[in-house]
Amino acid sequence: MNEFFDLHDNIFIKMDINWSDGDATLYFSNNKIIICKNTIKIDFSRKMEWGKSICVNMYELKKIDMYQNLSIEIQSGDIISITAEKIIFS
C-alpha cells in the first residue's frame, strides 16, 4: 500500500476502460485517480454481501512477475482486482 495515497472511506465513483490502449482508470472522491497501464486482467464482484456501500475499505498492491496487481476491497465486501504492467496513483 502507498502510505501517501489513503483510499479508506473514499467513494469509488467509476472505472473507465480504454480497450485499444489496455488502460483502466479508476476514479474516487477527493479527486483521486488510479491509472492501470497495459491491463491484462480485471476481476470484480458486486454482490454487496456485507451490505450496500460505495466506499473503499482498503487496497493492496503486489508485484506478480513483470506485472502489478491492485486489489481494492469495497466496504460492501466486494473486491476489484486489476493486473497491469504499471499502476499509477494520481
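Since the model is a prediction, treat every value here as computed from it, not as a measurement.
Residues that satisfy the side-chain contact (heavy atoms from CB on, under 4.5 Å) test with D65, not counting sequence neighbours, are absent from this structure. Evaluation of the side-chain hydrogen bond (donor to acceptor under 3.5 Å, both in side chains) rule for D78 yields S45, S76 as partners, not counting sequence neighbours. Under the rule for a side-chain hydrogen bond (donor to acceptor under 3.5 Å, both in side chains), the partners of S20 that lie at least two apart in sequence or sit in another chain are N18. Applying the side-chain hydrogen bond (donor to acceptor under 3.5 Å, both in side chains) test to Q75 and every residue at least two apart in sequence or in another chain returns D9. With sequence neighbours left out, the salt bridge (charged side-chain N to carboxylate O under 4.0 Å, His left out) criterion links K47 to no other residue. Residues meeting the ring pair (Phe, Tyr, Trp, His ring centres under 6.0 Å) test with F28, sequence neighbours left out: F12.
Rounding to the nearest 0.5 Å places OG of S81 at 9.5 Å from CD1 of I42. L70 CG to L26 CG: the interatomic distance, rounded to the nearest 0.5 Å, is 7.0 Å.
Taking Ile, Leu, Val, Met, Phe, Trp and Tyr as members and joining any whose side-chain heavy atoms lie under 4.5 Å apart, directly or through other members, I79 forms no hydrophobic cluster with any other residue. Residue M66 is found in a hydrophobic cluster whose other members, listed by chain and number, are I40, Y67; membership requires side-chain heavy atoms under 4.5 Å apart, directly or through intermediates.
A cation-pi arrangement is found for K32 relative to F5, the charged atom lying closer than 6.0 Å to the ring centre and inside a 45° cone about the ring normal.
Clustering ILVMFWY residues whenever any of their side-chain heavy atoms sit less than 4.5 angstrom apart, transitively, puts L61 in the very cluster that holds I80. M15 and I72 end up in the same hydrophobic cluster when Ile, Leu, Val, Met, Phe, Trp and Tyr side chains are linked at under 4.5 Å. Residues Y27 and L7 do not share a hydrophobic cluster, clusters being chains of Ile/Leu/Val/Met/Phe/Trp/Tyr side chains in contact below 4.5 Å.
I35 has its side chain within reach of I33: a pair of non-hydrogen atoms, C-beta onward, lies under 4.5 Å apart.
Pairs passing the salt bridge (Lys or Arg N to Asp or Glu O under 4.0 Å) check and including a residue from residues 13-26, sequence neighbours excluded, read K14-D16, D23-K37.
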Sequence neighbours excluded and cut-off under 3.5 Å, please list the side-chain donor-acceptor pairs for residues 48-55, or say none.
| unit_1 | atom_1 | unit_2 | atom_2 | d |
| --- | --- | --- | --- | --- |
| S53 | OG | C55 | N | 3.2 |

Ignoring hydrogens and angles, write down the donor-acceptor pairs under 3.5 Å from the side chains of residues 82-90, residues two or more places apart or on other chains.
| unit_1 | atom_1 | unit_2 | atom_2 | d |
| --- | --- | --- | --- | --- |
| T83 | OG1 | N69 | ND2 | 2.9 |
| E85 | OE1 | N38 | ND2 | 3.2 |

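Sparse packing is recorded around NZ of K41, with 12 or fewer heavy atoms of other residues, nucleotides or ligands lying under 6.0 Å away.
Side chain of H8 to main chain of M58: no donor-acceptor pair is present (N/O by atom type, distance under 3.5 Å, no hydrogens or angles).
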